[in-house]
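Starting from 1, each residue takes its place in the sequence as its number.
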Amino acid sequence: MKDTAINVLKILEESPGPVSGERIAEQLGITRSAVWKQIRELRRLGYQISSSRAEGYRLETKTDRLFPYEINKMLRTRVIGRQIRHFDSTASTGWVAKKLAAESDPEKLHGMVIIAEEQTGGVGRLGRAWVSPAGGIWATILLKPSVPLDHLFMTTMAGSVAIARAIRKEYGISALIKWPNDIFIGDRKVAGLLLELAAEADTVHYALLGIGIDANVPLDELSSNLRDTVTTLQAEVGREVDRVALLARVLREFELRYQQLEDGEYDSIIREWKSLSRTLDNRVAIKTINKTFSGEAIDIDEHGALIIRKDNGKIERVIAGDCFQL
Ligand code: BTN
């Protein structure tokens, strides 16, 4: 969104009633036809603005798009989301983040959030495709971690807790975490996270936390097999949700937990993760790259690994893989 459009928008937002084009033009030192052009642009961006010859323009409803200007108004963070890049459409926000990190100093990008209204090549865990049509929240948080390498995987735990908490606070829905990094409502997935690290030896250049939330994704845009296992917030809440408010809340909740990680308060995150887990104390089947087995999920350790008591009584630690509730 260009500055002139934002300036016109601000005048409309601040005015309790309609404002004439003449007044806006005067206030901004631009022509009335320039005002009209900006009104047209704002409408194109999803703002509903009524106009009457006698009274002027009035902002009826704001856009539901995830514009930095809108997010900023609601954001209660110090670092996370203080820099935002927004795209109408991109292949993957993770890919954009990698490009930005390669072109600049990741230190300066710490906390930046890259957002897309839709992704044409979204990537999920284990290299799977991630369906990302308009209506979802597709975002990547770029981090220059100061967390020790062996605890870095807890970033996904912090992110999972943040999304589950945000959904609970915004809608009063009991969202739970399924190991390793899925958010569930009932027995359907509503969100997923993906942590990618750019590291060599013991130096982490940057970390990317990808967040995908099926907020207002139309269910009929999902393939029939996804429709059996996935839900959307819109379907659960019974109305379109305010994606801007939710994302601002997720970023706030994430910042709080990421701060705990940086402060070495690993126990707090593990405790909170456990209290929100739908995996622990359940019988599960685990599928890793080289084997499949079942047992009881009894614990999670401080590296994010799931601890399984196998059917033969042996204890197994699983770092990566798929987990199916039995
Ligand atoms: C999963 O459950 O498999 C993780 C899904 C992560 C998807 C998000 S959407 C934003 C970011 N960009 C991507 O291409 N993937 C992540």
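Distance alone, capped at 3.5 Å, places no donor-acceptor pair between the Lys144 side chain and the Gly111 backbone. The main-chain N or O of Thr156 is found under 3.5 Å from a side-chain atom of Ser160 such that the two form a donor-acceptor pair. His303 places a side-chain N or O within 3.5 Å of a backbone atom of Asp150 that can act as its donor or acceptor partner. The backbone N or O of Glu265 sits nowhere less than 3.5 Å from a side-chain atom of Asp263 that would complete a donor-acceptor pair. Checking side-chain atoms of Arg252 against main-chain N and O of Arg76 turns up a donor-acceptor pair under 3.5 Å. At distances below 3.5 Å, not a single donor-acceptor pair connects side-chain atoms of Glu60 with backbone N or O atoms of Gln48.
For CZ of Arg128, the number of neighbouring non-hydrogen atoms (other residues, nucleotides, ligands) closer than 6.0 Å is greater than 12. Environment of CZ in Arg243: crowded, with over 12 heavy atoms of neighbouring residues, nucleotides or ligands closer than 6.0 Å. The environment of CG in Leu126 is crowded: more than 12 heavy-atom neighbours from other residues, nucleotides or ligands sit within 6.0 Å.
Classification of Lys274 and Asp267 as a salt-bridged pair fails, no side-chain N sitting under 4.0 Å from a carboxylate O. Salt bridge Lys10/Glu13: absent, no basic N to carboxylate O contact under 4.0 Å.
A salt bridge (charged side-chain N to carboxylate O under 4.0 Å, His left out) check over residues 81-95, counting only residues at least two apart or in different chains, returns the pairs Arg65-Asp88. The side chain to side chain donor-acceptor pair (under 3.5 Å) analysis of residues 217-226, with sequence neighbours excluded, yields the pairs Ser223-Asn225. Applying the side chain to side chain donor-acceptor pair (under 3.5 Å) test to pairs two or more places apart or on separate chains, those with a residue in residues 202-219 are Glu200-His205.
In terms of the ring-ring contact (aromatic ring centres under 6.0 Å, His included) criterion, residue partners of Tyr266 (sequence neighbours excluded) are, by chain and number, His151. With sequence neighbours left out, His86 forms a ring-ring contact (aromatic ring centres under 6.0 Å, His included) with Phe67. Tyr47 pairs by the ring-ring contact (aromatic ring centres under 6.0 Å, His included) definition with nothing, not counting sequence neighbours. Residues satisfying the side chain to side chain contact (heavy atoms under 4.5 Å, CB included) test with Lys108, not counting sequence neighbours, are Asp105. For Phe254, the ring-ring contact (aromatic ring centres under 6.0 Å, His included) partners at least two apart in sequence or on another chain are Tyr258.
Taken to the nearest 0.5 Å, the CD1 atom of Ile211 stands 4.5 Å off from the CD1 atom of Ile163.
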Worked verdict on Glu236 versus Arg188 for salt bridge (Lys or Arg N to Asp or Glu O under 4.0 Å): CA-CA 10 Å; Glu236 298 296 329; Arg188 282 162 192 263; 6.0 Å; no

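Counting heavy atoms from C-beta on, the side chains of Ile39 and Leu12 come closer than 4.5 Å. Residues Leu42 and Thr63 have side chains not in contact (no heavy-atom distance under 4.5 Å, counting atoms from C-beta outward).
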Side-chain polar contacts of residues 17-37 - donor-acceptor pairs under 3.5 angstrom, sequence neighbours left out - could you list them?
{"unit_1": "Ser20", "atom_1": "OG", "unit_2": "Arg23", "atom_2": "N", "d": "3.1"}
{"unit_1": "Thr31", "atom_1": "OG1", "unit_2": "Ala34", "atom_2": "N", "d": "3.0"}

Atom pairs and distances, donor-acceptor, side-chain atoms in residues 90-98, under 3.5 Å, two or more places apart:
{"unit_1": "Ser92", "atom_1": "OG", "unit_2": "Gly94", "atom_2": "N", "d": "3.1"}
{"unit_1": "Ser92", "atom_1": "OG", "unit_2": "Trp95", "atom_2": "N", "d": "3.4"}
{"unit_1": "Thr93", "atom_1": "OG1", "unit_2": "Gln119", "atom_2": "OE1", "d": "3.3"}
{"unit_1": "Thr93", "atom_1": "OG1", "unit_2": "Thr140", "atom_2": "OG1", "d": "2.8"}
{"unit_1": "Lys98", "atom_1": "NZ", "unit_2": "Glu196", "atom_2": "OE1", "d": "2.9"}

Please report, to 0.1 Å, the donor-acceptor pairs under 3.5 Å made by any side chain of residues 169-185, with sequence neighbours excluded.
{"unit_1": "Lys169", "atom_1": "NZ", "unit_2": "Glu253", "atom_2": "OE2", "d": "2.9"}
{"unit_1": "Glu170", "atom_1": "OE2", "unit_2": "Arg249", "atom_2": "NE", "d": "3.0"}
{"unit_1": "Glu170", "atom_1": "OE2", "unit_2": "Arg249", "atom_2": "NH2", "d": "3.3"}
{"unit_1": "Lys178", "atom_1": "NZ", "unit_2": "Cys323", "atom_2": "O", "d": "2.8"}
{"unit_1": "Trp179", "atom_1": "NE1", "unit_2": "Gly304", "atom_2": "O", "d": "3.0"}
{"unit_1": "Asn181", "atom_1": "OD1", "unit_2": "Arg125", "atom_2": "NE", "d": "3.3"}
{"unit_1": "Asn181", "atom_1": "ND2", "unit_2": "Leu193", "atom_2": "O", "d": "2.6"}
{"unit_1": "Asp182", "atom_1": "OD1", "unit_2": "Lys189", "atom_2": "NZ", "d": "2.8"}

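Hydrophobic cluster of Val217: the remaining members, joined at side-chain heavy-atom separations below 4.5 Å, are Trp130, Val131, Trp138, Leu219, Leu222, Leu226, Val230, listed by chain and number.
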